[in-house]
A.B. asks: 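I'd like to ask some things about the structure below.
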Amino acid sequence: MATRGKTTFICEQCGYQAAKWLGRCPDCGAWNSLAESVTPSGPLPDSQLPARRSVPQPLLHLKTPPEVRQTSGINEFDRTLGGSVVQGSVILLGGDPGIGKSTLILQVLDRLCGQDRQGLYISGEESEAQLKLRADRLGLTSPGLLVAGETCLENIFKILEELKPAFLAIDSIQTIYTATLPAAPGSLVQVRETAFRLVQQAKLLGMATFLIGHVTKEGVIAGPMVLEHLVDTVLYLEGDRSHAFRLLRTVKNRFGPTQELGVFEMQDAGLTEVPNPSALFLAERSLETPGAVVVPSLEGSRPILVEIQALVSPTTLALPRRQSSGVDPGRVSILVAVLEKRVGLGMSGQDLFVNVAGGVRLTEPAVDLGIALALASSYLERPVPADLLIFGEVGLTGEVRAVSQPELRLKEGRKLGFSRALLAKRQKERLGEFEGLELLGVDSLAAAIRSILPGK
Ligand code: TYD
Ligand code: MG
């Protein structure tokens, strides 16, 4: 039998390796995050190595393999995978508990299987009775969708050998364990080992595999780096629990673009597609109120209009509050500094709150100008016109810069009934005219404020 190997300690947050246990990871600073991991010492006998050894061959002579893809017919889902599910690919779906991961995967599997293909849904979390209740609620119809309650990897492999399904879903990877390791299910070593072996199996059997993973409090899938590296595609299902809509985001994709976004609404009969998210996000919009602006943010190839709200109000606190949700607080601090220094708005002594309506998270610099104008609008108590769409990156000297794909943003704005757009002057000059929208070009944040928030 294999001799006990070398013991290392691996940080479950960042993957840092140490020879001895430490209370705090010296690399990422996380507390109590190091877990023991045993690596075999010395070279392994040939009997323990994979039987097949690769023979190097010229890259030029390799044949392009036929990529077998299948669509689920759920557009908002297919979009996040780059159009369809690739045979033998492994897709990791992460998200907070209760956000709708199991629901989504059951609906997707049901559609993928249809009438003539088999899919296997392994649940380590719910009983078969619970699954049945859920399936009834979701109105699933595929006769090829099989379910099993199982947590032991070796047993799962036995089922796969007999069944050879076209699709497999593991819900969740944290509940699965291999009997070859003594560690508890959900521990870093177990998650890494079981995921690794499931990936191998997926490639071997040409079976598209969905791994569901819970996200921990810190916002990473347990054993984060480890899992993301192993799989072909990483999707995150996000959303505000107090709102019905859910955003499915592509974080990594070997078979298509990243940053794609699918939008769903959680209803009584499961997740339904939202083909026109801008309309949904703007439905509860506060028209002509100081502090509210609408920005077109590009999520993958898709422009989405969302409302940014800011509240600036005088405080007596020695350390004013700075709170933002949906946008990077660091970015907001920079914009506040630019407003102070380049525009002359006295932001110190003010509490500042920034929020993206509906719980959407914006990461693009193209929303800078929108954030800055929302802050200025609230501070000055002057509303931004409701028919105005705003986009542009703001630099440290207060200059407004061009952003990518302006036409896509403008088209979405036109579709949703906006009649004017504020953007970087250079970008406006390059665009010339845009049918249906009046373009207002500004070269600086100060000029933008003068033009759309004029004083009495
Ligand atoms: P679930 O898919 O179990 O979440 P996860 O697998 O990510 O933990 O979804 C759970 C929530 O979704 C639960 O709060 C109930 C709600 N839900 C609906 O609103 N409608 C439905 O049809 C279903 C199945 C769930
Ligand atoms: Mg679940």
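Remember, it's 1-based here, ligands and their atoms both numbered in the order they're listed.
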A.B. asks: Check whether any side-chain heavy atom of L120 sits under 4.5 Å from a side-chain heavy atom of L160, and report yes or no.
C.D. replies: yes
A.B. asks: Inspect the contact between R361 and D328 and indicate whether a charged nitrogen and a carboxylate oxygen are less than 4.0 angstrom apart.
C.D. replies: no
A.B. asks: Among all the protein's non-hydrogen atoms, which is closest to atom 2 (O) of ligand 1, and how far away is it?
C.D. replies: T103 OG1, 2.5 Å
A.B. asks: Run the numbers for me: atoms of ligand 1, each under 4.0 Å from some heavy atom of G270, listed by number.
C.D. replies: 20 (N), 21 (C), 22 (O)
A.B. asks: Would you find a donor on one side and an acceptor on the other, under 3.5 Å apart, between the side chain of D368 and the backbone of G392?
C.D. replies: no
A.B. asks: Give the atom numbers and elements of ligand 1 that come within less than 4.0 Å of a heavy atom of L138.
C.D. replies: 22 (O), 24 (C)
A.B. asks: Nearest to atom 3 (O) of ligand 1 by heavy atom, R134, R246, K101: which?
C.D. replies: R134
A.B. asks: Where is the nearest protein heavy atom to atom 4 (O) of ligand 1: which residue, which atom, and how far?
C.D. replies: G100 N, 3.0 Å
A.B. asks: I'd like to know if R134 and E126 make a salt bridge, using a cut-off of under 4.0 Å between side-chain N and carboxylate O.
C.D. replies: yes
A.B. asks: Return the closest protein heavy atom for atom 6 (O) of ligand 1 as residue, atom name and distance.
C.D. replies: S102 OG, 2.6 Å
A.B. asks: Are any non-hydrogen protein atoms located under 4.0 Å from atom 15 (C) of ligand 1?
C.D. replies: no
A.B. asks: Can you name the atoms of ligand 1, numbered from 1 with element, that are less than 4.0 Å from a heavy atom of A269?
C.D. replies: 22 (O)
A.B. asks: State if L104 counts as touching ligand 1 under the rule of any non-hydrogen atom under 4.0 Å.
C.D. replies: no
A.B. asks: Quick test of your reading of the model: are R79 and E76 salt-bridged, counting only N-O distances below 4.0 Å?
C.D. replies: yes
A.B. asks: What protein heavy atom lies closest to atom 20 (N) of ligand 1? Include the residue and the distance to one decimal.
C.D. replies: Q267 O, 2.7 Å
A.B. asks: For atom 18 (C) of ligand 1, grab the closest protein heavy atom and report residue, atom and distance to one decimal in Å.
C.D. replies: R137 NH2, 3.3 Å
A.B. asks: Treating Q17 as the side-chain partner and F9 as the backbone partner, does any N or O pair qualify as donor plus acceptor under 3.5 Å?
C.D. replies: no
A.B. asks: State whether the side chain of D351 and the backbone N or O of P320 hold a donor-acceptor pair below 3.5 Å, judged by distance alone.
C.D. replies: no
A.B. asks: Kindly confirm or rule out an N or O of M266 lying under 3.5 angstrom from an N or O of ligand 1.
C.D. replies: no
A.B. asks: Is there at least one pair of N or O atoms, one from E126 and one from ligand 1, spaced under 3.5 Å apart?
C.D. replies: no
A.B. asks: Answer yes or no: is there an ion pair linking E154 with R197, defined by an N-O contact shorter than 4.0 Å?
C.D. replies: yes
A.B. asks: Would you say the side chains of R321 and T315 form a donor-acceptor pair under 3.5 Å?
C.D. replies: no
A.B. asks: Looking only at distance, does G98 have an N or O less than 3.5 Å from an N or O of ligand 1?
C.D. replies: yes
A.B. asks: Please state which part of D96 comes within less than 4.0 Å of ligand 1, counting heavy atoms only: side chain, backbone, both or neither.
C.D. replies: backbone
A.B. asks: In plain terms, say whether R246 and E238 are close enough for a salt bridge, that is, a side-chain N and a carboxylate O under 4.0 Å apart.
C.D. replies: no
A.B. asks: Using a 4.0 Å heavy-atom cut-off, say whether P97 meets ligand 1 through its side chain, its backbone, both or neither.
C.D. replies: backbone
A.B. asks: Classify the contact between D268 and ligand 1 as side chain, backbone, both or neither, using a heavy-atom distance cut-off of under 4.0 Å.
C.D. replies: backbone
A.B. asks: Do R409 and E412 sit within salt-bridge range, that is, some charged N less than 4.0 Å from a carboxylate O?
C.D. replies: no
A.B. asks: Strictly under 2.8 Å, is any N, O or S atom of T103 next to the Mg ion (ligand 2)?
C.D. replies: no
